[in-house]
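A, B, ... follow the sequence lines: proteins, then strands. Residue 1 opens every chain. Being a predicted model, the structure only gives us computed values, none of them experimental. What you see below is based on every heavy atom in this structure, not just the backbone, and it leaves out hydrogens, waters and symmetry mates.
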Amino acid sequence: MSVRVRYAPSPTGSPHVGNVRTAIYNWLFARHEGGTFIVRLEDTDRSPERYVPEGIFDIEASLRFLGTLPDAWWVTGGPDAPYVQSQRLETYSDAARKLIDSGKAYRCYCTRERLEAMRASQQAEGKPTGYDRHCRDPKLREALRLQRLEAEGQEPSSVVRLAMPLEGVTILHDVVRGDISYENRLQDDQVILKSDGFPTYFLAAAVDDHAFGITHIIRGDDWLSSAPKLVQVFHALGWEPPKFVHPPLIVGPDGKKLSKRHGATQFAWFLEQGYLPEALFNFLVLLGWSAGSENRELFSVPELIERFTLEGMTQSPAVFDYEKLKWMNGHYIRRSEPGRIIGMCLPYLRRAGLIPDPPGPDAKDPEKEAYRINVLDYARRVIPLEIERMKVLSEVTDLVGFFFKELSYPEGYDEKAIAKWMGVPHLKQLLTAEIEQFGALTEWTAESIEATVRSIGADLGVKFGEVIHPTRVAATGQTVGPGLFETLWALGKERTINRLRAVLEKV
RNA sequence: GGGGAUAUCGUCUAGAGGUUAGGACGAGGGAUUUUCAGUCCUUAAGCCGGGGUUCGAUUCCCCGUAUCCCUACCA
């Protein structure tokens, strides 16, 4: 039977990177096996604090960004549509009814108050917490129902609970962890249908996984403990559960499940910061999976599809190392087509106010032309010089800022840079000579600039560094940056001379 | 309190009875060079503890310890 896997996110906002990784694993496995990758929305939790309807767009965006497109989902539909659980409520209530009829589940009329009191006393006595199965007894259940009926004057609300077997064990066959057994008597009579008519995860997942013909459930390790309940729902419904695959959790530096406390974890943040899809993809895959003895960590997506097997899954939690991600992102930035990086950088420059917004579609041609020459061409000349220094795209604004900002000495100049180089004795002579000789250059190239600067240095009788550094500071306001000559070239003759002149006037 | 899982450099990991315990990020040093970055070379850094099994355990088993996860009308 061919592999069918699913990614089942909930719309709670921008996806957590852990979920993104789960999506990647499912997608890779499906692609490696030539199987089917299904994405369905688990929107059965309607409580306002957790239900974020717009989250669905973030989920879609994350899948598109990474290129892990499903074979079937709510966007394109598919043979098992709909792929949104809130649109399948009848299926779940049918299943619940079937379970009640067969005695595998029962209605529970316990109030939240009773449940809370029960839990409180269990905790106070140091006893294991869990539902006391009060309503599993038909007599007690009916008594409670009548009591509430009388008090409330109408049929009381109820939930449906799974009647867990009271004996025996549930064996979970986990592909990465082997067989795990759980004692049934320790499992709760889980609520499977809520009083609002929505199913809980356990019912909905079992029903849908069965309906979709899912063969492997690949999901985070945080689901491992509750897996026997899911398995029991399958059994109760008379179905064979899929195979389970529980990759390890992604944790923070403190070893706890990665969350906001550890820094940004949401997909949207990585997008804003300027992480490349291939870097995120590559990095996330390696958090819980390894290509074995290959001793490599840089893989293209096709290479990963080729290599991705469940045997490569690791089993201990992985700390999310932002530094390593940055390194990898820098690596991919450097290996990208510069044009692509430039295009991705422009929005950051615009947002930082370094370059203006492009003229609208109905702008006049001369205006468009001016924008192309003054803004785009300049950006295209300047950004490539900083590409090897970028770890994330958003850094571009700091990196190329000096190219765009208006500098007026000492405004905009780095203090330490001034202290170090704007007081050297030969400064005025140097700047004067540069302004004059640069002005006379007919060809403004890195080579011609270098030749000019070198000869000025020789005339002044100072070491190369003694002319390089002051020149850089005068022209850029800082001590770091790309090679001086390409920097001046990119800056342009006019801008360079203007800046040098402004400095000369003030020192 | 109960249950489950996990345990190799600081971090991600390779290893599947005998290895100089390998690679990567990060850190240190060096080279290149006009700075930074990059690139190249290089150094330090690890098998949780205790019992077994075995001629021999990082590796297999048990116990302990530690950590994490679950323990909701959330997923």
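- Across all strands, A:Gly130 comes closer than 4.0 Å to no nucleic acid atom at all (heavy-atom distances).
- When the P atom of B:C74 is taken as reference, atom CZ of A:Phe198 falls 11 Å away, rounded to whole Å.
- Looking at which nucleotide of RNA chain B each of A:Phe202 and A:Ser181 is closest to, the 5′-most match is held by A:Ser181.
- Among the nucleotides B:U34, B:A75, B:G26, the one closest to any side-chain atom of A:Ile468 is B:U34.
- The local environment of NZ in A:Lys194 is crowded, with over 12 non-hydrogen atoms from other residues, nucleotides or ligands closer than 6.0 Å.
- Residue A:Ser225 places a side-chain atom within donor-acceptor reach of the base of B:G3, judged by atom type and a 3.5 Å distance cut-off alone.
- Across all strands, A:Thr129 comes closer than 4.0 Å to base atoms (heavy-atom distances).
- Both A:Leu249 and A:Pro128 lie close to RNA chain B; mapped to their nearest nucleotides by heavy-atom distance, the more 5′-ward contact belongs to A:Pro128.
- Distance CD (A:Glu486) to C1' (B:U35): 12 Å, rounded to an integer number of Å.
- Using a 4.0 Å heavy-atom cutoff across all strands shown, A:Thr44 reaches sugar-phosphate atoms only and no base atom.
- You'll find that the side chain of A:Arg334 is closest to B:G38, out of B:A75, B:G38, B:C73.
- To the nearest whole angstrom, the two P atoms, one in B:G29 and one in B:U11, are 23 Å apart.
- Between the NE2 atom of A:His246 and the P atom of B:U6 there is a distance of 12 Å, given to the nearest Å.
- Nucleotide B:C25 has B:G10 as its partner under the Watson-Crick or G-U criteria, with both atom distances under 3.5 Å.
- One interatomic measurement links the two molecules: CG of A:Asp174 to P of B:A5, which rounds to 10 Å at whole-angstrom precision.
- Among B:G4, B:U11, B:U34, the nucleotide with an atom closest to any side-chain atom of A:Val319 is B:U11.
- The cationic group of A:Arg40 does not satisfy the cation-pi geometry with A:Tyr7, failing either the under 6.0 Å distance to the six-membered ring centre or the 45° limit from the ring axis.
- Residue contacts shown for A:Thr314 are limited to sugar-phosphate atoms, with no base heavy atom under 4.0 Å away.
- Among the nucleotides B:A7, B:A24, B:C73, the one closest to any side-chain atom of A:Arg161 is B:C73.
- Donor-acceptor pairing under 3.5 Å is recorded for the side chains of A:Gln85 and A:Asp208.
- Look at the C1' atom in both B:C48 and B:U58: the space between them is 12 Å, to the nearest Å.
- With B:U34, B:U13, B:C73 as the choices, the nucleotide that has an atom nearest any side-chain atom of A:Arg112 turns out to be B:C73.
- For B:U35, the OP1/OP2 oxygens have no side-chain nitrogen or oxygen of A:Lys420 closer than 4.0 Å.
- Of the candidates B:G1, B:A75, B:G38, B:A75 carries the atom nearest the A:Glu42 side chain, counting heavy atoms from C-beta on.
- Within 4.0 Å (heavy atoms only), A:Pro199 reaches sugar-phosphate atoms of the nucleic acid but no base atom.
- A cation-pi contact links A:Arg161 to A:Tyr131, judged by a cut-off of 6.0 Å to the six-membered ring centre and 45° from its axis.
- In a base pair of the Watson-Crick type (N1 to N3 plus N6-O4 or O6-N4) or a G-U wobble (N1-O2 and O6-N3), with each distance short of 3.5 Å, B:G18 is matched with B:C55.
- Nucleic acid contact class of A:Tyr182 (heavy atoms, under 4.0 Å, all strands): sugar-phosphate only.
- Taking the side chain of A:Lys324 as heavy atoms from C-beta on, and the options B:A24, B:U11, B:C73, the nearest nucleotide is B:A24.
- The side chain of A:Glu297 approaches B:A24 more closely than any other nucleotide in the set B:A24, B:C36, B:C69.
- Rounded to a whole angstrom, the distance from the P atom of B:A66 to that of B:U13 is 24 Å.
- At a threshold of 4.0 angstrom between heavy atoms, the contacts of A:Thr479 include nucleobase atoms, whether or not backbone atoms are also involved.
- Rounded to whole Å, the distance from OH on A:Tyr131 to P on B:G3 is 23 Å.
- Between the P atoms of B:A5 and B:A45, the separation comes to 36 Å (whole Å).
- The interatomic distance linking A:Met328 (CE) with B:U13 (P) rounds to 12 Å, in whole Å.
- For A:Asp321, whose side chain is taken as the heavy atoms from C-beta onward, the closest listed nucleotide among B:G10, B:C70, B:G38 is B:G10.
- Contact annotation: A:Lys391 reaches the phosphate of B:G38 (side-chain N/O to OP1 or OP2, under 4.0 Å).
- At a threshold of 4.0 angstrom between heavy atoms, the contacts of A:Glu388 include nucleobase atoms, whether or not backbone atoms are also involved.
- Taking atom C1' on both B:U35 and B:A21, the two are 41 Å apart, rounded to the nearest angstrom.
- B:G49 and B:G10: their P atoms are spaced 13 Å apart (whole Å).
- Distance noted for atom C1' between B:G23 and B:C9: 12 Å (whole Å).
- For the C1' atom pair drawn from B:A57 and B:G52, the interatomic distance equals 11 Å after rounding to whole Å.
- Following rounding to the nearest Å, A:Glu323 (CD) and B:A24 (C1') show an atom-to-atom distance of 14 Å.
- One can place CZ of A:Arg114 at 15 Å from C1' of B:A72, the figure rounded to the nearest angstrom.
- Among B:U13, B:A75, B:C69, the nucleotide with an atom closest to any side-chain atom of A:Ser10 is B:A75.
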